[in-house]
Structures are given as structure tokens and as C-alpha cells.
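The structure under discussion appears below in the form of C-alpha cells.
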Amino acid sequence: MGHSMVKVYENALIAGAMVGGVLALLYAPQRGAETRELLKSKAEQVRRVTGYSAGQASHLDEDEDEERSRKLAALHLETTEGGKMQNRLVTMGFVTGAIIGGVLGLLYAPKTGKETREFLKTKAEYTKEEA
């Protein structure tokens, strides 16, 4: 992948992360600390039931996943042309960034989405009155 293609992917990834993060903060069902605690308890339940921690279970299939990823990447590069590849990179980067941003937004939301939207609405009304 050329330098310009990497830059396109990076820009799309950053844009997606920003959009995903903002949407997650605006629509977080609960505070980030509560979401992290819920995920921690669910991971503990999975560990007790399976006898594996999340890291151990994923390590078992890591080599297969890596080989599959290599084959898919090689196939992808062979079957796409420059323009198609750039469009796919932008889409992939944006979606990947949106997912990452969304997850981080949910995990670290200081307030629920409803509280955040209400805060922004109040600030907008205040700013409007001041102007």
C-alpha cells in the first residue's frame, strides 16, 4: 500500500473515530464507569463458565486467525484496482474508526447520553441568548 493510500486510510479512520465517539457520548445508555463494570462482570462470568480468561481463549485461535487474515489481505489486494481499493480503504477506515470511537465513547462517557444532550441544549440556548 502506497504512502498516499495509507494517508487516506488514516484520515478516514480519524474522521470515523470522531463521529463514533461523539455519537457514543450523545447516546450512551449509562456512564462509562458503569459500562466498564458491566463488561468486567460479564468477562468474569465467561471465565468461570469456560475456565479460560479472554486472553487465553483468543490465544488458542490466534495463529489460524493470522493466517486467514494474511490470505484475505493477499486476495483483496489481487482483486481490487486503485480506485476501488481507495474507496474501500476510506470506507473501511471510517467504519473502523467509528467503531473504535463509539466503543471508547461508551466506555468513558462521563454522563448518560440523555444528560449530555440536555447539557448541550442548555449551553446552546445560553449562547443564543448571549449573542
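These numbers were taken from a predicted model, which means no experiment stands behind them.
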Which pairs would a plain distance check flag for residues 27-38, meaning a side-chain donor or acceptor within less than 3.5 Å of a matching protein atom at least two apart in sequence or in another chain?
unit_1, atom_1, unit_2, atom_2, d
Q30, NE2, T35, OG1, 3.4
E34, OE1, R31, N, 3.3
T35, OG1, R31, O, 3.3
R36, NH1, L107, O, 2.2

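- Here salt bridge (Lys or Arg N to Asp or Glu O under 4.0 Å) pairs that include residues 109-118, with residues two or more places apart or in two chains, number zero.
- M18 and M92 sit in two unconnected hydrophobic clusters of ILVMFWY residues. Membership requires side-chain heavy atoms under 4.5 Å apart, directly or through other members.
- In the hydrophobic clustering of ILVMFWY residues, with side-chain heavy atoms under 4.5 Å counting as a link, V103 and I100 come out together.
- Distance CD1/I99 to CZ/F94: 11.0 Å, rounded to 0.5 Å.
- Residues L25 and G105 share a closest heavy-atom pair of CD2-O, 3.7 Å.
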Identify every side-chain donor-acceptor pair in residues 124-131 under 3.5 Å, counting partners at least two apart or on other chains, and give the distances.
unit_1, atom_1, unit_2, atom_2, d
T127, OG1, K123, O, 2.9

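- Legend: residues meeting side chain to side chain donor-acceptor pair (under 3.5 Å) with E44, ordered by chain and number and at least two apart, are R47.
- Under the rule for a side-chain contact (heavy atoms from CB on, under 4.5 Å), the partners of V22 that lie at least two apart in sequence or sit in another chain are L26.
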